[in-house]
There are 2 protein chains.
Amino acid sequence: MKSLTISRLAEAGGVGVETVRYYQRRGLMPTPSRAGSAVRRYSDEDVKRLRFVKSSQISGFTLEQIRELLSLDATANRKRAREIARARIRDLDQKIAAMTRARRALKEMAKLCASGIGRCPIIPAFNQA
Amino acid sequence: MKSLTISRLAEAGGVGVETVRYYQRRGLMPTPSRAGSAVRRYSDEDVKRLRFVKSSQISGFTLEQIRELLSLDATANRKRAREIARARIRDLDQKIAAMTRARRALKEMAKLCASGIGRCPIIPAFNQA
DNA sequence: CTTGACTCCGTACCATGGTACGGAGCGCAT
DNA sequence: ATGCGCTCCGTACCATGGTACGGAGTCAAG
């Protein structure tokens, strides 16, 4: 079960060893007991947890929000869990909407820019999109 | 034309005065000449520029990337402008995809969580989505 | 049983994106 | 003309999310 060293865990999660330690200090990753040995060992569950942290980060969540989401996995308070999930979904919807507008604006700018009429008008493209 | 004080500009852009000054230091906002007076004045164009910075930030661009995008507005190098636009669109697509997956996972978790079977399984929800 | 790689932990340092502070000067209304 | 609030500028400080360093200990292959 717990067979990975920290460097293997980090490798599997696509982060550095120092980053894993940082996540431990922030309460995002466990610090397993040393179980007789002098080194701590990690499981595949820990790899999944680490990957969860990474993908949540790409979605723009702060480490604190990710810590909160992870705490839901083990919570008995379903009401709170659903509230938090709803709040994060709202955040995502707003950001996705902003990015979709930005994407449209960049496309529009590239088109006008290619047409060769005047300059590459990025500010109006955004402020209208 | 240039009639706004810095505090009016900041207000119109929804940021603080110190933030505008910071953007000036970072080359994102102009530092207009004092034109005889002791205070610098800003135009509606500057307000638009400031709003552009703000909305680009929500889309996850760094200030450096935003500075680059702003520089396109005045550039004659259309090829470079289109390349940069394409790069930023790729960034957006990746982030939008990640966020869409995260949204689906949160929805799924909320559903399972509401059903009352077992816990609120957030990690598997993400790692499958 | 040594040697080289890895672990552990504390602490320091870094970049990004601000926010706050403080002194000096200016400008407008009373 | 005087005061209140704003401006200007430099500098300091802050939170977030790492990254680096250094010393002591450990493990495992030769």
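Everything quoted here is computed from the prediction, not taken from an experiment. We name chains A, B, ... by the order of the sequence lines, and we start the count at 1 in each one.
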dC9(C) OP1/OP2 closer than 4.0 Å to side-chain N/O of Arg40(A): yes

Backbone N/O of Val39(A) and side chain of Ser37(A): donor-acceptor pair under 3.5 Å: yes

Value in whole Å for how far the C1' atom of dG27(C) lies from CZ of Arg34(B): 14 Å

Heavy-atom side-chain proximity of Ile123(B) to Arg49(A) below 4.5 angstrom: yes

Given Ile66(B), Asp93(B), Leu69(B), the one that forms side-chain contact (heavy atoms from CB on, under 4.5 Å) with Arg88(B): Leu69(B)

NZ/Lys111(B): more than 12 non-hydrogen atoms of other groups inside 6.0 Å: no

Residue pair Gly13(B) / Lys54(B): nearest heavy atoms and the distance that separates them: O-CD, 3.2 Å

Summary of protein contacts for nucleotides 15-30 of chain D, nucleotide by nucleotide, where a base hit scores B, a sugar-phosphate-only hit scores S (4.0 Å, heavy atoms): --BBBBB----SS---

Atom-to-atom span, CG of Leu9(A) to P of dC8(C) - whole angstrom: 11 Å

Side-chain N or O of Arg21(B) closer than 4.0 Å to phosphate OP1/OP2 of dC9(D): no

Phosphate OP1/OP2 of dC6(C): any Thr5(A) side-chain N/O under 4.0 Å: no

Exam field: side chain Arg41(A) to backbone Pro32(A), donor-acceptor pair closer than 3.5 Å: no

Whole-Å gap separating P (dC6(D)) and CD1 (Ile6(B)): 13 Å

For atom CD of Glu11(A) and atom C1' of dT7(C), their distance in whole Å: 16 Å

Close approaches to DNA chain D from residues 88-98 of chain A, in residue order (heavy atom, under 4.0 Å): none

Ion pair Glu83(B)/Arg80(B), N-O distance below 4.0 Å: no

Donor-acceptor contact present, side-chain Thr75(A) to main-chain Ser71(A), <3.5 Å: no

